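Start at 1 with the first residue, then count along the sequence. These figures come from a predicted structure and were not determined experimentally. In what follows, every heavy atom counts, from backbone to side chain, and hydrogens, waters and symmetry copies are set aside.
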Amino acid sequence: MQSLKGKYIKATHLLNGSIFENALILIIEHNEKGNTGFIVNKPFHRRFNELIAFRHARPFPLFYGGPVEVEGLFFLHKKPDVIPLATPITTGVYYAGNFAETVKNINNNNISEQEIKLLVGYCGWDAGQLAEEIAEGSWEVVINHANLFT
């Protein structure tokens, strides 16, 4: 299967009634071990400053990134100039980087809600699993998608 890194997949009607209903997922990793991605279109029920460790932070939206490691906080952004050590995923989209600098830049208003997505949890598939789910019709690869940060 061709690499899905940097591509979006969209849940089909076969996933209605599941946590993936209407999910749009950005795949950030595709290798021989499997795939990793984030749901990018589902708001989380709390804000960044409602997390105990960040109670002094600026209120900022969180998104539900997926059912794996829901205690983890991850982020996608388009600010490699202010977030060092970011990993490029696709044109204009970066994953992670220096988290302390990220929080500092959020609190100093150097990063807006249109430039970053803070995500709780992620999605993961073992080798071959996502290809099977696409073949069975649970997911479709999306060619044209809306801007991730709007």
Cluster overlap L85 with L73, hydrophobic side-chain contacts below 4.5 Å
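In one cluster with L85: L73, no.
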
Is there a continuous path of hydrophobic side-chain contacts, each under 4.5 Å between heavy atoms, that joins I9 to I19?
yes

Is it true that a side-chain atom of N110 and a backbone atom of V82 form a donor plus acceptor pair closer than 3.5 Å?
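It does not hold such a pair.
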
Is the side chain of K42 donor-acceptor paired with the backbone N or O of E21 at a distance under 3.5 Å, no angle test?
yes

Measure from the ring center of F74 to the ring center of F44 and say whether it is less than 6.0 Å.
no

Can you check whether [X] reaches [Y] side chain to side chain, under 4.5 Å on heavy atoms?
{"X": "E69", "Y": "Y122", "answer": "yes"}
{"X": "T36", "Y": "V68", "answer": "no"}
{"X": "C123", "Y": "F20", "answer": "yes"}
{"X": "I28", "Y": "T87", "answer": "no"}
{"X": "H30", "Y": "K7", "answer": "no"}
{"X": "I111", "Y": "I83", "answer": "yes"}

Heavy-atom pair with the smallest gap, counting every atom of [X] and [Y]:
{"X": "K5", "Y": "P88", "value": "NZ-O, 3.7 Å"}
{"X": "A86", "Y": "Y94", "value": "CB-CB, 3.9 Å"}
{"X": "F149", "Y": "I116", "value": "CD2-N, 3.6 Å"}
{"X": "I89", "Y": "I27", "value": "CG2-O, 3.9 Å"}
{"X": "N98", "Y": "A100", "value": "OD1-N, 3.1 Å"}
{"X": "A57", "Y": "N107", "value": "CA-OD1, 3.3 Å"}

Parallel under 30°, tilted from 30 to 60°, perpendicular over 60°: which one fits the rings of F54 and F48?
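Judged by the thresholds at 30° and 60°, the geometry between F54 and F48 is parallel.
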
R58/N109 under side chain to side chain contact (heavy atoms under 4.5 Å, CB included): CA gap, chis, key distance, verdict
CA-CA 9 Å; R58 184 173 140 224; N109 293 315; 3.0 Å; yes

Atom [atom1] of [X] and atom [atom2] of [Y]: how far apart are they, to the nearest 0.5 Å?
{"X": "T12", "Y": "E136", "atom1": "OG1", "atom2": "CD", "result": "8.5 Å"}
{"X": "H77", "Y": "Y95", "atom1": "NE2", "atom2": "OH", "result": "10.0 Å"}
{"X": "R47", "Y": "F60", "atom1": "CZ", "atom2": "CZ", "result": "8.5 Å"}
{"X": "Y64", "Y": "L119", "atom1": "OH", "atom2": "CG", "result": "11.5 Å"}
{"X": "L26", "Y": "I39", "atom1": "CG", "atom2": "CD1", "result": "12.0 Å"}
{"X": "N22", "Y": "K10", "atom1": "CG", "atom2": "NZ", "result": "8.0 Å"}

Of I25, L76, V93, which meets side chain to side chain contact (heavy atoms under 4.5 Å, CB included) against V40?
L76

For F63 and F38, run ring-ring contact (aromatic ring centres under 6.0 Å, His included): C-alpha distance rounded to whole Å, both residues' side-chain angles, the deciding distance at 0.1 Å, then the answer.
CA-CA 9 Å; F63 289 83; F38 295 102; over 10 Å; no

